[in-house]
Amino acid sequence: MEISALQHARYRYQPRFPRVLSQELSTIALSQGLATQSIADQGALKALFKHTYGKVLVDVVTRTGEPNETMHRKLTLGVLLSGGQAPGGHNVIAGLYDGLKRGNPRSRLYGFLGGPSGLIENKYRELSDAIIDAYRNTGGFDMIGSGRTKIESPEQFASSLETAKKLRLDALLIIGGDDSNTNAAGLAEYFLDQGSPIQVIGCPKTIDGDLKNEHIQTSFGFDTAVKTYSELIGNIERDANSAKKYWHFIKLMGRSASHIALECALQTHPNVCFISEEVAVKKWSLSQIVDQICASVIKRAENKEFFGVVLIPEGLVEFVPEMKQLILELNDTIATYEAELAALPSLTDHLGFLRTKLSPAAQALLGSLPADIARELLMDRDPHGNVQVSRIETEKLLMGMAEKRLARLKEQGLYKGKFSALRHFFGYEGRSAFPSNFDANYGYSLGLTAFVLIAAGLTGYIACVKNLTALPEEWVPAGLPLTMMMHLEQRHGSQKPVIQKALVDLAAPPFKAFAAARDTWACTTSFLFPGGIQYFGPPELCDRPPRVLELEQQGRANIKP
Ligand code: FBP
C-alpha cells in the first residue's frame with residue numbers, strides 16, 4: 001500500500017517519554033500517596049464499588065530496594081479503543097506493547113476490534129511487531145477500530161469476563177473518555193466481585209479535553225485537534241481579511257465543555273467566541289447570544305469591516321438554560337416513552353407526541369425553533385444517553401438568527417452595513433490527524449505508564465502523566481483510582497455512577513486571558529495565524545503544549561504559598 005512521505009518520516013520519529021520509564025523495569029516502583037474519595041456521592045459510590053473505592057494515588061518512581069523481577073513476568077494483555085478517535089491512540093498501544101515486550105518478549109497483546117463490543121463478542125487480533133510498526137505516530141484508530149458500546153447489562157459484563165478468561169488475560173487497558181473510563185471502573189469492580197484477578201486500567205483519551213483534574217492535566221488528542229482547527233480558523237481569518245466580505249460562523253467540536261473553543265480562541269483571536277460554561281453561569285438566552293454577535297458586526301461595520309469570525313462550541317445548546325431544560329425534558333421523555341416512540345413512523349409524529357409531554361415553556365421553545373433544528377434535537381441519543389451535539393447545526397441557528405436581527409435593524413434604519421455569512425463545522429477533520437509531537441509523546445508515555453501500573457498489579461486505576469509543560473523526560477508517570485473522578489448523574493432517566501466531565505473553569509487563567517482580550521477582538525481585526533502543525537524543526541514550533549496548559553501552569557506558579 002502506498003503511504004505518504006509524512007507517514008514515512010513519522011515512522012522514524014522516536015517518541016520522548018519520562019526518564020524514569022527508560023530505566024531497567026525491575027528498578028521501577030510505585031510510591032503510594034494519599035487515599036482518595038469520589039468527587040461527590042461518597043456513600044453511594046463506596047457501596048457500588050466495594051472492591052475498588054478509595055484506593056491511594058501512586059507515582060512511578062525509581063526503586064530503592066532490591067530489583068523487582070515481577071516487572072519481567074510473562075503477561076497476556078488486552079487493549080481496546082473506545083469512543084471518538086483522538087490522535088495519539090496508536091502510540092498508547094505502541095507504548096503499552098513496547099513496555100510489555102521489554103518486560104518479557106514472550107508476553108502477548110490482543111487488540112479488541114471495534115471498541116467494547118469486541119470484548120463482549122470476543123473479536124480481537126493479536127498485535128505483532130509488524131502491526132504496531134505500521135501504526136507508530138499515525139492518527140486515527142484504524143489499527144483495531146473503536147466503538148461506543150456501553151458495557152451496562154449483566155449479560156455484557158458476564159460476556160466481557162468470559163472473553164477475558166478465554167484469552168487468559170492478566171489485564172485489560174481501556175483507552176477512552178469519561179464514559180469509557182466509567183466502563184473501565186465498572187469492569188474492574190465486576191471482575192473482582194466475581195473473584196477474578198483480571199486487572200482493568202483506563203487511559204485518558206478525548207479531543208474534547210474534558211477528562212482532566214488536578215492530576216490529569218489534559219487528555220491525549222486535544223493538542224492535535226486544537227492545532228488542526230486553529231490552522232483552519234487562521235486560514236479562514238486570513239481569507240476573510242483578504243476578501244473582506246464574509247462573516248464566518250464556525251462550530252467547533254467538543255461535545256460538552258468548551259475547552260476546544262477556548263484554546264482555539266487563544267490561538268487565533270476571533271472576533272467572537274462563546275464559552276458555554278459562561279453562557280450557563282450568566283444565564284444568557286439564545287437572543288442575548290445573538291445580541292453579542294450583532295454588536296460585533298455593527299461595531300466592525302462602523303470601520304467598514306464587513307467580515308469576521310465567530311467561534312461556537314458544539315455543546316453550546318446544552319448550556320443555554322432554556323435549551324438545557326428542553327433537552328433534559330426531551331431526554332427523560334424519550335427514555336420513558338421509548339416503546340411508544342418506536343411505534344410512530346416519522347420524526348414529525350415523534351415531535352407531535354413529545355410536545356404533549358413537555359412543560360409549557362419547553363413546548364413553546366421547541367415550537368419556536370426552525371424545523372430542522374427541532375428535528376436534530378430529537379435524533380437518537382448515543383449509547384451513553386448523550387444528545388449528539390455534533391449533529392445539531394448550532395452555527396446555522398445562530399447565523400440565521402443574526403441575519404434576521406440585522407435585517408430588522410436595517411429596516412429600522414439602525415444598521416446600514418452589509419452582512420453576508422457562511423458557516424463551517426470543524427470536528428472530524430481534527431480527530432485522526434497525525435499526532436503532534438506533544439500527543440505522540442504523551443500517548444506513548446501513557447501506554448508505558450499503563451504497562452507499569454499493570455505489571456505492578458493495580459486494577460481500577462487510570463494511567464496519568466503529570467508535569468506536561470516540562471520537557472517529556474521530566475514528565476511524571478502516575479496512577480489515579482478511577483472512582484475518585486466519579487459521582488452520580490441523571491442518565492436515561494435514572495441516577496448512574498459516572499466520571500464527571502471537567503468543564504472550563506471561569507476563574508482560571510486561560511478563561512481570564514480570553515476574557516481580557518475579547519472586547520478588543522470584537523471590534524478590531526486582531527487575527528492570529530498559527531499555520532499547520534509542525535512535526536520537524538525547532539522545539540518552539542514543534543513541541544509546544546496547548547496554551548491552556550501553559551496558562552494554567554503559570555497560574556499555579558503565581559500562587560503564593
Ligand atoms: P469522545 O468523548 O468519545 O472522545 O468523543 C468526542 C467527540 O469527538 C465529541 O467531540 C463529539 O461530539 C462526538 O465525539 C462525536 O461522536 P461521533 O463520533 O459518534 O459522531
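Counting starts at 1 for both ligands and their atoms, in listed order.
When non-hydrogen atoms are compared, ligand 1 lies under 4.0 Å from the backbone of T206 as well as from its side chain. In R431, the part holding a heavy atom less than 4.0 Å from any atom of ligand 1 is the side chain.
Seen from the ring of Y428, R431 does not count as a face-on cation partner, given the 6.0 Å and 45° thresholds.
Numbered from 1 in the order shown, with element, the atoms of ligand 1 that lie under 4.0 Å from a heavy atom of G83 read 3 (O). Those atoms of ligand 1 with a heavy atom of K205 less than 4.0 angstrom away are 1 (P), 3 (O), 4 (O).
Here's the thing with G254: one of its N/O atoms is less than 3.5 angstrom from an N/O atom of ligand 1. By the 3.5 Å distance cut-off applied to N or O atoms, D178 is not counted among the residues near ligand 1.
Scanning the protein for heavy atoms near atom 11 (C) of ligand 1, the closest one is E314 OE2, 3.3 Å. Considering only non-hydrogen protein atoms, atom 20 (O) of ligand 1 sits nearest to Y428 OH, 2.5 Å. Nearest protein heavy-atom neighbour of atom 3 (O) of ligand 1: G84 N, 2.8 Å.
Within 6.0 Å of NZ on K324 lie no more than 12 heavy atoms contributed by other residues, nucleotides or ligands. Summarising the local packing, OH of Y337 is surrounded by 12 or fewer heavy atoms from other residues, nucleotides or ligands at distances under 6.0 Å. Within a 6.0 Å radius of CD in Q288, other residues, nucleotides and ligands contribute more than 12 heavy atoms.
Relative ring orientation between F527 and F529 is described as perpendicular, the plane-to-plane angle rising above 60° on a 0-90° scale split at 30° and 60°.
Looking at K501, Q85, R148, it is R148 that brings a heavy atom closest to atom 5 (O) of ligand 1. With distances taken over non-hydrogen atoms, the option nearest atom 9 (C) of ligand 1 out of D208, D210, L252 is D208.
Judged by distance alone, the side chain of D439 and the main-chain N or O of G88 form no donor-acceptor pair under 3.5 Å.
In this structure, P477 and F17 have side chains that are not in contact, with every pair of non-hydrogen atoms separated by 4.5 Å or more.
E318 has no carboxylate O lying under 4.0 Å from a charged side-chain N of R255, or vice versa, which leaves the two without a salt bridge.
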